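Structure first, then comments.
Just so you know, ligand 1 is whichever comes first in the structure, and atom 1 is the first atom listed for that ligand. Worth saying up front: this structure is predicted, and the values here are computed from it rather than measured.
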Amino acid sequence: MDPFALFEKHINPGLAGLLRFTGLDRVESHAEGVYVWDTTGKRYLDFLGLYGTLNLGHRHPKVVEAVKRQLDRMPMSVRVLVSEPTARLAEKLAEITPEGLEMVFFGNSGAEAVEAAFKLARIYTGKPEVITTQGGFHGKTLGALSLTPKPEYQDPVRPLVPGVKVVPYGDARALEEAITSETAAVIVEPIQGEGGIRVPPEGYLREVRRITRERGVLMIADEVQTGLGRTGRLWGVDWEEVAPDLLTSAKALGGGVMPIGVAVGRREIFEVFKRNPLVHSSTFGGNPLAAAAALAAIQVTLEEDLPARALYMGRLLMEGLQALARAYPDLIQEVRGRGLMLGLEFVDADVGALCVAELAERGVLTAFGLNNPKVVRLEPPLIVEEEHINQALEALEGALQATRKAFEGILG
Ligand SMILES: *Cc1c(COP(=O)(O)O)cnc(C)c1O
């Protein structure tokens, strides 16, 4: 049976249906840099970048090389001895994250990074409540899902972890009002990714930092998607020069080659491990293979100054998108984002979905936000070249023309 049919039969029939609808009932074959090929030989520009994972593109040679070297040496840690790549990565993360973040918990995904931050916040403060934001996305394991206020994901599995409060994103005053004597932490994305590339008002993160500090509440910055240069700065919080108490990173941290997730925090918070060294742990978290990938990924990100590149290329892409938004006001409502974390808000989710399908047909991969289907996300690798951006914009223009034609007479 062909792999797509197997996927539909044994993995996820609903998702298979959605993929078929967007014309992506295809099987991937191989990838390099900004390109992916399917098994029919069709080539795609990857402007989705695994939702902010592929900052270095597919199979960056330095990451692949580091992983191969570690693979031939020792891919897994025995855990009762200390792993050198893991220890070196912890040192590096302490160096490159904002001031005061010195200690690292290792997991294997964004959700696990968030779970760790959630648990550490409760253990350290001895308080149960965590405040999250509307439209926020923090993962789908039960703890992380409890911080992801979306009925479609939460309702089928209730009861959730208790003690979570939801406030509007970008509204520091609402957040301040929600804090009680039982609040352990606030979790916030510097820019909401799955929520539809929502950039908060200027000064929001600084206000959240001021309020949480004054009220003795921990600030958790979820940088799983915004981290490692995506927004044009190394971290999303760098835009407002804010140092949170805990910072989560995952997606791009593994260099697009290995899965890894971390919660980096202040030393006092990690004192909980002095009292109880195994209060939280993971068999695979920070394994040498993933750590080697992350060390190489960080090195490439800094050496090639990928945050600056994201800023420059992001500006070019943004200008092109704004020109298209002016030409297609009947389809596009807004263009927003920062660096190479950009979103196109369509007038309606069906228009966006058709445009995604038309783009795929023209060899450009994108997708809509999980929490906001009206918004199509563009998160190409940070190594993208000007010619790729022009190719994508040209394909988008064609896709918009086709979409307008399909909806003619339906949209006023
Ligand atoms: C993707 C994402 C997560 C979850 O990461 P997974 O690796 O899919 O578990 C958490 N937070 C943010 C901000 C994300 O974008």
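Inclusion of Ala111 in the set of residues having an N or O under 3.5 Å from an N or O of ligand 1 is warranted. Considering both main-chain and side-chain atoms, Phe137 comes within under 3.5 Å of ligand 1 through a nitrogen or oxygen pair.
With a 4.0 Å heavy-atom cut-off, ligand 1 is reached by no atom of Tyr51. Only the side chain of Lys251 comes within contact range of ligand 1, with a heavy atom under 4.0 Å; no backbone atom does. Contacts of Glu189 with ligand 1, taken as heavy-atom pairs under 4.0 Å, involve the side chain alone.
When the options Tyr44, Tyr35, Phe47 are evaluated for a ring-ring contact (aromatic ring centres under 6.0 Å, His included) with His388, the one that passes is Tyr35.
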- May I have the step-by-step check of side chain to side chain contact (heavy atoms under 4.5 Å, CB included) for Ile269 and Leu246, ending in yes or no? CA-CA 9 Å; Ile269 300 171; Leu246 286 157; 4.0 Å; yes
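Between Ser249 and Glu223, the side chains place no donor N or O within less than 3.5 Å of an acceptor N or O (distance only, hydrogens not considered). Between the side chains of Thr403 and Glu358, no donor-acceptor pair is found at a separation under 3.5 Å.
Aromatic rings of Tyr204 and Tyr169 (six-membered ring for Trp) have centroids within the 6.0 Å cut-off, being under it.
Gly110 N, 3.5 Å is the protein heavy atom nearest to atom 6 (P) of ligand 1. At the shortest separation from atom 11 (N) of ligand 1 among protein heavy atoms lies Asp222 OD2, 2.8 Å.
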